[in-house]
There are 2 protein chains.
Amino acid sequence: MDQRTPRELLSFSSCDKQEWNADNCPVRDVMNQIAGKWATLLLLALSEKPYRFGELRRLVPDISQRMLTQTLRDLQRDGYVERTVFPTKPPSVEYKMTPLGHSLFSRLQGVMSWAAAHHGEIRAAREKFDASELAA
Amino acid sequence: MDQRTPRELLSFSSCDKQEWNADNCPVRDVMNQIAGKWATLLLLALSEKPYRFGELRRLVPDISQRMLTQTLRDLQRDGYVERTVFPTKPPSVEYKMTPLGHSLFSRLQGVMSWAAAHHGEIRAAREKFDASELAA
DNA sequence: CCGGATCCCACACGATACTG
DNA sequence: CAGTATCGTGTGGGATCCGG
C-alpha cells in the first residue's frame with residue numbers, strides 16, 4: 001500500500017526486472033526529479049501558500065532566473081505545482097501546490113526536519129572521519 | 001524538535017542569515033549528499049541487513065565500481081554507514097548501517113514508498129503536460 | 001574480493017543579455 | 001513582471017586498467 005518494506009522497494013529499484021530500465025523504476029524516476037538542487041526548496045516555499053515568480057526569487061535569494069524557471073516547469077510537469085497566468089498589466093503568474101504536491105511534501109518534510117535536527121551529528125561525524133583520514 | 005514547520009525549515013534553507021552560506025544550510029547540506037544517484041538505493045539495501053561490497057554490487061546491478069566505492073565512502077563519512085574489514089583471505093569488507101543511518105532511512109522510506117505508490121499519477125501528469133505542449 | 005587511479009564526457013547549473 | 005536564448009563551466013558519473 002502506502003508504506004512498503006525495504007525489500008519491496010529494493011526490488012522496485014534495482015531493476016532486476018527487465019521491463020524496468022533505469023528510467024522506468026518508480027523510485028528512481030521520482031527521486032531523480034526532486035534530487036535536483038532547488039526542487040525541494042521550492043516545494044518547501046510553496047507548501048505554505050501560493051507564490052508569484054518574483055516572490056519565489058526573493059524567498060530563495062541565490063537561485064538564478066534560469067533554474068527557477070526550469071525547476072518550476074519540471075515541478076509543474078510532474079503534477080506537483082499548478083501554474084496560473086493572470087493577464088493583468090504587467091502580467092503576473094501564480095504557482096500553487098497541488099494536492100499531489102502536498103502529499104509528496106508531507107513526506108519530504110520528514111526528511112528535511114530530520115536533516116535540520118541532526119545536522120550537528122553529521123558534521124561531527126565528518127570531522128571525525130576526515131581527521132582519521134590524516135593517517136596517510 | 002523533530003517535526004519543524006515549513007517556515008522554520010525555509011528560514012533554515014534560504015540562507016537569509018549571512019552566517020549560512022549555501023553549504024552551511026543544514027537542509028541543503030544534508031540533502032545534497034543523499035540527492036546523489038545512488039545514495040538512496042544503497043541506504044535502501046543496507047537498511048535490511050549488512051552487506052559486503054560484492055553483494056551490494058549484485059543488488060544494484062547497474063552501478064559502477066567507482067560510484068559504489070565513492071558513495072559508500074560518502075555515506076560512511078556522514079556517519080550513516082560503518083565499514084569493517086575482515087582480514088580473511090581474500091579480504092572481505094562489510095558495510096553496516098548505523099543508528100543514525102537507520103534514523104535517516106526511516107524518513108527516506110516515507111518518500112520512497114510514496115514514490116512507488118504515486119508513480120502512475122506522476123507519469124500521467126507528465127504525458128498530459130507534454131501533450132498540451134504540442135500546441136507550439 | 002575490494003577497491004584505487006586515470007581518462008573522458010554529458011549535463012546541471014550559473015552569468016549575462018534580450019523580449020512581450 | 002515573467003520569462004526565453006545563448007554561451008561557458010564544474011563536476012557527477014561511466015569505462016577501463018591496475019594493485020594488494
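First the proteins, then the strands, lettered A, B, ... as listed; each starts at 1.
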Asker: Below 4.0 angstrom from OP1 or OP2 of D:dA2, is there any side-chain N or O of A:R52?
Answerer: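 Indeed, a polar side-chain atom of A:R52 lies that close.
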
Asker: Measure the distance from CE on A:M67 to P on D:dT9 and round it to the nearest whole Å.
Answerer: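 It works out to 18 Å between those atoms.
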
Asker: Taking only residues two or more places apart in sequence or in another chain, which ones pass side-chain contact (heavy atoms from CB on, under 4.5 Å) with B:P91?
Answerer: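 With neighbours one apart ignored, the set is empty.
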
Asker: Rounded to 10°, tell me the angle between the two end axes of the helix from C:dC1-D:dG20 to C:dG20-D:dC1, each built from five pairs.
Answerer: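 Its terminal axes enclose an angle near 50°.
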
Asker: Among residues at least two apart in sequence or on other chains, which ones pass side-chain contact (heavy atoms from CB on, under 4.5 Å) with A:K37?
Answerer: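 Scan of A:K37 (side-chain contact (heavy atoms from CB on, under 4.5 Å), adjacent residues dropped) gives none.
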
Asker: Sequence neighbours excluded, which residues qualify as side chain to side chain donor-acceptor pair (under 3.5 Å) partners of B:S103?
Answerer: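 B:S103 satisfies side chain to side chain donor-acceptor pair (under 3.5 Å) with A:W114 once adjacent residues are dropped.
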
Asker: With a 4.0 Å cut-off on heavy atoms, is B:K37 in touch with a base, just the backbone sugar-phosphate, or nothing at all?
Answerer: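 Sugar-phosphate, no base atom in range.
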
Asker: Taking any heavy-atom pair under 4.0 Å as a contact, classify A:Y95: base, sugar-phosphate, or nothing.
Answerer: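 Sugar-phosphate only.
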
Asker: Taking side-chain contact (heavy atoms from CB on, under 4.5 Å) as the test, write out the residues that go with A:S106, two or more places apart.
Answerer: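 Result, side-chain contact (heavy atoms from CB on, under 4.5 Å) vs A:S106: none returned.
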
Asker: Measure the spacing between CG of B:L68 and CG of B:L56 and express it to the nearest 0.5 Å.
Answerer: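 Answer for the CG-CG pair, B:L68 versus B:L56, is 6.0 Å.
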
Asker: Suppose we screen for side chain to side chain donor-acceptor pair (under 3.5 Å). Which residues come up paired with B:E121, at least two apart in sequence or across chains?
Answerer: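 Counting only residues at least two positions away or on another chain, B:E121 forms a side chain to side chain donor-acceptor pair (under 3.5 Å) with B:H118.
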
Asker: Kindly give the atom pairs (protein nitrogen or oxygen, nucleotide nitrogen or oxygen) under 3.5 Å for nucleotides 18-20 of chain C.
Answerer:
none

Asker: Among D:dG3, C:dG3, C:dC13, find the nucleotide with the atom closest to the side chain of A:W38.
Answerer: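 Side chain of A:W38 sits closest to C:dC13.
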
Asker: Output all residues satisfying salt bridge (charged side-chain N to carboxylate O under 4.0 Å, His left out) with A:E48, sequence neighbours left out; order by chain, then residue number.
Answerer: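 Testing A:E48 for salt bridge (charged side-chain N to carboxylate O under 4.0 Å, His left out), a comparison that skips the adjacent residues, returns B:R7.
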
Asker: Restricting to side-chain contact (heavy atoms from CB on, under 4.5 Å), what partner residues turn up for A:K96, sequence neighbours left out?
Answerer: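 So A:K96 forms a side-chain contact (heavy atoms from CB on, under 4.5 Å) with A:P50, A:E82, A:E94.
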
Asker: Identify all side-chain donor-acceptor contacts of residues 69-76 of chain A below 3.5 Å with residues at least two apart in sequence or on another chain.
Answerer:
{"from": "A:T69", "atom 1": "OG1", "to": "A:Q65", "atom 2": "O", "distance (Å)": "3.0"}
{"from": "A:T71", "atom 1": "OG1", "to": "A:M67", "atom 2": "O", "distance (Å)": "2.7"}
{"from": "A:R73", "atom 1": "NH2", "to": "B:E133", "atom 2": "OE1", "distance (Å)": "3.1"}

Asker: Tell me which residues in residues 70-78 of chain B put a heavy atom below 4.0 Å from DNA chain C, sorted by number, or none.
Answerer: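 When residues 70-78 of chain B is checked for heavy atoms under 4.0 Å from DNA chain C, there are no hits whatsoever.
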
